[in-house]
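Only a predicted model underlies this, so the values are computations on that prediction, with no experimental measurement involved. Side chains included, hydrogens not; waters and symmetry mates left out as well; all remaining heavy atoms used.
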Amino acid sequence: MKRIIVTICLLAVAWMAQADDLGIYEYELDNGLTVLVRPDHRAPVAVSQLWYRVGSSYEYRGVTGISHMLEHMMFKGTERLAPGEFSHIIARHGGRDNAMTGRDFTAYHQQLAADRLAIAFELEADRMHRLQLTEEEFVNEMEVVKEERRQRVDDIPTAVMMERFFATAYTSSTYHQPIIGWQEDLDNMTLDDVQAWYDRWYGPDNAILIVVGDVEPEAVRDLAAEYFGDVPARDIAPPKPSHDIPAPGERRIAVRIPAEVPVIVMGYQVPSGATADEEWETYALTVLATVLSGGSAARLPSQLVRGQEIAASAGASYSPIARLDTLFLFSANPAGDTGLDTLEQALNAEIERAREEPISEAELERAQNQIMADHLFELDSMFYQAMQIGMLETADIGWRELERFEAGIRSVTPEQVQQVAQRYLIPDRLTVGLLEPIRQGGEQE
Amino acid sequence: MRPFLRTLSILWLVLWLPLAQANSPEIRHWQLDNGARVYFVQTETLPIVDLRVTFDAGAARDGEQAGLARLTNSLLSQGAAGLNADELALAFESVGARYSSGSERDMAWLQLRSLTRPEALTAATDTLAMILAAPEFPEADLERQRRQMLVALQAERQSPPTIAERALYEALYGDHPYASAPQGTEDSVRALSREAVVEFHEQYYTAGNAVLAIVGDLSANEARELSERLLADLPAGDRAPQLPEPEPPEPQTVHIPYPSAQTHVLIGQLGIARGDEDYFPLYVGNHILGGSGLVSMLVHEMRERRGLSYSSYSYFVPSAERGPFILGTQVRADRTGEALEVLENLFVEFRAEGPSADRLQAAQENITGSFPLNIDSNRKIVGYVSMIGFYGLPLDHLDTFIGQVEAVTQAAIVSSFQNRLDPEHRVRILVGPEGILADEDE
C-alpha cells in the first residue's frame, strides 16, 4: 500500500479568481478541478460538496441506475480505507456526510466545523482516484439498493405511476430513465460495469468542488490544491447529446394498480436554462408556474381547491435547472367524488386561460415578489446555497445564472408569460398520466 | 495502523484544537401582560424574520373527537377578521411572506417567514395577528377542510409507513390521549362540528397557552413591539392542564397484512418526557445505537453486514409526557424474521452492556463537534427556541448541551437504558404481506 503524500503543492496553477456581488470565488486547478467558494460567516461551519458531471441521464439501457450504484460503492473503501471508514472518520470529526444522485449529477457532501475542511478534502481526493471495488461489497450493496428501490418506488403507488409517466413523457431523452434504475438492469449489473463507470467519469476534470461557509476563499483554494492537486486528470469526454424529439406528439397513460387516491399529472415538454434559445423564456415559465401555483392565493389552489372545490390538491411546477429539455408539470388529486376527467377539464381550462389572456399586472408583481423573497430565504441554508451552485454547474447553465436571475425575473412581462404558454402548453408537447386506483375488493375508480 | 490513518492522525494533531467555539444564540425571554411567553434571538446577517407561535393545542387535547385539533388549526387561515381565505393568502403572498401551520400530538403551531423590509413585515404580521385573534371558521371552509382530511385518510391506506405509525401509537398508548392519530379517523372526522371547533379554539388558542419564538434581523425593542402587536389581542386564558402519565403496554405483536414488497417494522416502548434527567445519556446512547445514520450500530448490522434494508433507525420522541422510543426498519418481506431478530437482539445487548468505550468517544466527538451545525440557520434556531419555550426547558439548554454530552459515561448509558426502557413492555408492528410471521419461526 502506498502512502498518501501530502504535498505542499507548488504546482504552477493557473488561478483564475473572481469575486463579485454574490461573493462566489472561482478557481481552477491544473488538473481541471473547478473550485467554487462562497464565504458565509454566520456560524463557524462549512459545507463541502464534490459534484461529478454524471447521473442517470448519462446512462443507457442495460446499466440504468449505475451512477446511483456507484455513489453507494464510493463509501465501500479505497486502497487505504476500509469499507464504511469514510463516514466514521467524518463523524469523529463532528461532521455529517452523505451523497446524492440526480439526472445530471452525482454529489458527495460533508458538513463540518470550518477548521476541519482538510479532513473532507483528503478523503474525497482519495476516493476520487483510489476507490477499491470488491465483489463482496458489491453483492451486499446491490441488495441495499434493491431495498431502496422497493422503499422509494415499488411500495408507493404515486412513485410507480411517476416512473411510468416519465418513461412516457420523455421519448428520445435519457430523462426517460429512472435515477435508481430499472429493476432488470439492477438484476444484471456487474462489478465490472461499476468499475468501468468509475474509470470513465470520475476525475478532477469532470468535477466541481464547492465550499460554502466560514472560510477564506484563497485558503480553500490552497487547501484544494494541496489535497486534489496531484489527482491525475483523465481527459474525460463529455457525453453524447441525448435531446428529446421536439414536440413529439400527444401521449396518455392510465396506470391501474392497487392504490386509494386517484392522481392526474400533465407534463408539457419545455426548454430548460441549458436548452432555451432565448433565456427570457425560462424566466417567463418560472413566473407562470408561480402564478398558477406559487402559494395558496395562486390560481390552481384558489380556483380548483377552493372556488370549484373539485381538487384536494392542485399544483404546477417548473424548474429550469436541467441539462436537457424538461417538463412543465401539472398535478392534482380529486376531492370527494370528483372524477379525474372533471379535474382534467378544469386544468385544461386554466391552461387555456394562460394561453388566451395575459396575466394581470398584480399577479405578475406578486409572483415576482414571491420568487425574489424565496430566493433570499434560500440563503438561510448553506447546504442549499452550495447545492444550487452545483446543480447549475452540472446542468451546464453555470453559477453565473445567479447574477442574472433577479433582473431576468423582474423583466418578465405579462405578454411574455402568455407567449410561452402559447408556444409550449400545446397538445404535441403534452403527456397525460392517470393513476386509476384498483381498490381492495377490485373496485376501480 | 494503516498508513492512511497515520496521515490522518498527523492531521489530527495539527487540527485537533478545541473546536471553534460555537456561540449559542442568546435567547431573550419576556412575558406579555396576558401571559403569552415570548422568546427572541437576534440574527443580523439576512434581512429576514422567522416567527412561530405554538399552542398546547395538539391532538392530545382532542378528547373523544379525534382530528379536532388538526381541523381547528387548518381553518385558522381560511377566514379571519372579515377576510376570506383568498384575501388572507393574498395579503401574505403579495409581500413574499410564507405562512404555514400544523399540529401534532403535543402542539399546534402557526409559522411565518417574512422579509424585514417594513412594508413587508408590517403587512405579514398584521395578517398573522388577524388569524390569531379573529378566526371565523366559516362553515363552507370547514366542509372543504373536512373533505381534504378524508382524502388524506384515504391516502393513508396506500402508505404502509403511516399505517404502521398509527398502529404503533394505538398499541403503545391504549387509553392515553397520545393513542389517537392527529389526523383522526374517517368516522371521527365526519362527526366533527363547527361548534366543537369554536369551543376548542376558545379553550386552547389563548395567550396563557401560547409560546412565540422570533428569530431574525430585529432589535430587541422591535421584537418586543412585534410580540405585542401579534398577541396582545388574545384572551388571557389558562394553560392547558397536564396530561395523564401513560401506562406501559402489554407486550404484543400486531401484524397488519398489506400487499407491499417490504415489511415495515416498528418496535415501540415508552420512552421519556422532555426534561427527563436521563435525557443526555439516552440521547448519546441512542445516537450510537440507531440515531446516527450510516455510522450507527443498527445500520452497520442491518445494512452494511447483511444487506437487509436501506434504512434502519432508532429514536426517542421526547414529549410532554413519556413519548415513544422506536426501533424501525423497512425490509424485504421474505427476510422479516431475520430482521426482527437482528433488531431486537442488538437492542437487548446494547441495553445490557452499553457501547464500547471507543464508540462512546466517537459519538461524543461527533455530537459535540457537529453542534454548530444544529444552529447554523434561522430556521433551525427558531425550531430549538420554540421547543425550549414550549417545554419550559432552561434557557441555557443550548449553552450547556456540549458539557452535558461530554459528561455522559458508559455506565450512565446502561443505567438510563435499563431504568427508562423495558423490552418486556414493547409492542411490535409489522405491516407487510401475509405469511411473514411464519418466517419468523424458522
Spacing of [X] atom [atom1] and [Y] atom [atom2] [to the nearest 0.5 Å]:
X	Y	atom1	atom2	result
A/E148	B/S309	CD	OG	11.0 Å
A/E378	B/L46	CD	CG	11.5 Å
B/E304	A/F75	CD	CZ	10.0 Å
A/N369	B/S94	CG	OG	7.5 Å
A/E309	B/R144	CD	CZ	5.5 Å

Is [X] close to chain B through its backbone or its side chain, or both, or neither, when contacts mean heavy atoms under 4.5 Å?
X	result
A/K76	side chain
A/E141	side chain
A/A114	neither
A/P258	neither

Pairs of heavy atoms under 4.5 Å with chain A: top-ranked of [options]:
options	value
B/R303, B/Q330, B/E143, B/H300	B/R303
B/H264, B/Q361, B/Q158	B/Q158
B/R117, B/R305, B/R157	B/R157
B/D50, B/T45, B/D86, B/L150	B/D86

Carboxylate-amine/guanidinium contact [X] [Y], below 4.0 Å:
X	Y	value
A/D380	B/K380	no
B/R332	A/E143	yes
B/E44	A/R42	no

Minimum heavy-atom distance [X]-[Y], with the two atoms named:
X	Y	value
B/L373	A/G94	CD1-O, 4.2 Å
A/A373	B/G96	CB-O, 3.4 Å
A/Q151	B/S311	NE2-OG, 3.6 Å
A/S87	B/L294	OG-CD1, 3.9 Å

Is it the side chain or the backbone of [X] that comes within 4.5 Å of chain A heavy atoms, both, or neither?
X	value
B/A140	backbone
B/R306	backbone
B/I367	neither
B/R147	side chain
B/L115	both

Between [X] and [Y], is any pair of side-chain heavy atoms under 4.5 Å apart?
X	Y	value
A/E260	B/L153	no
A/R306	B/N84	no
B/E93	A/S296	yes
B/P47	A/L376	yes
A/R96	B/S370	yes

Next on the checklist: Under a plain distance cut-off of 3.5 Å, with no hydrogens placed, do A/E147 and B/Q262 share a side-chain donor-acceptor pair?
Outcome noted: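 A donor-acceptor contact under 3.5 Å links the two side chains.
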Checklist entry - Do A/R152 and B/Y310 meet the criterion of a side-chain donor-acceptor pair at a distance under 3.5 Å? => result yes
Among [options], who wins on heavy-atom pairs under 4.5 Å with chain B?
options	value
A/H41, A/M372, A/Q111, A/E365	A/Q111
A/E363, A/R149, A/H72	A/H72
A/A91, A/G84, A/G294	A/A91
A/A335, A/P83, A/A297	A/A297
A/D155, A/V139, A/D97	A/D155
A/I156, A/V305, A/N333	A/V305

Item to check | Sequence-distant partners of B/A155, side chain to side chain contact (heavy atoms under 4.5 Å, CB included), two or more places apart | outcome: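 Only A/V261 meet the side chain to side chain contact (heavy atoms under 4.5 Å, CB included) criterion with B/A155.
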Item to check | From CA spacing to verdict: side chain to side chain contact (heavy atoms under 4.5 Å, CB included), A/R439, B/Q154 | outcome: CA-CA 11 Å; A/R439 299 222 173 88; B/Q154 195 185 354; 3.1 Å; yes
Item to check | Within 45° cone and under 6.0 Å: B/R98 NZ/CZ vs A/F377 ring | outcome: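 No, B/R98 and A/F377 do not form such a contact.
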Item to check | Test applied, side chain to side chain contact (heavy atoms under 4.5 Å, CB included); reference residue, B/D376; option that passes from A/V45, A/V47, A/D40 | outcome: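 Among the candidates, only A/V45 passes.
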Checklist entry - Would the number of heavy atoms belonging to other residues, nucleotides or ligands and lying under 6.0 Å from CD of A/E136 be above 12? => result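 No, the 6.0 Å shell around CD holds no more than 12 heavy atoms from other groups.
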Next on the checklist: Taking A/G95's backbone N and O only, do any of them form a donor-acceptor pair with B/N366's side chain (distance below 3.5 Å, no angle check)?
Outcome noted: yes
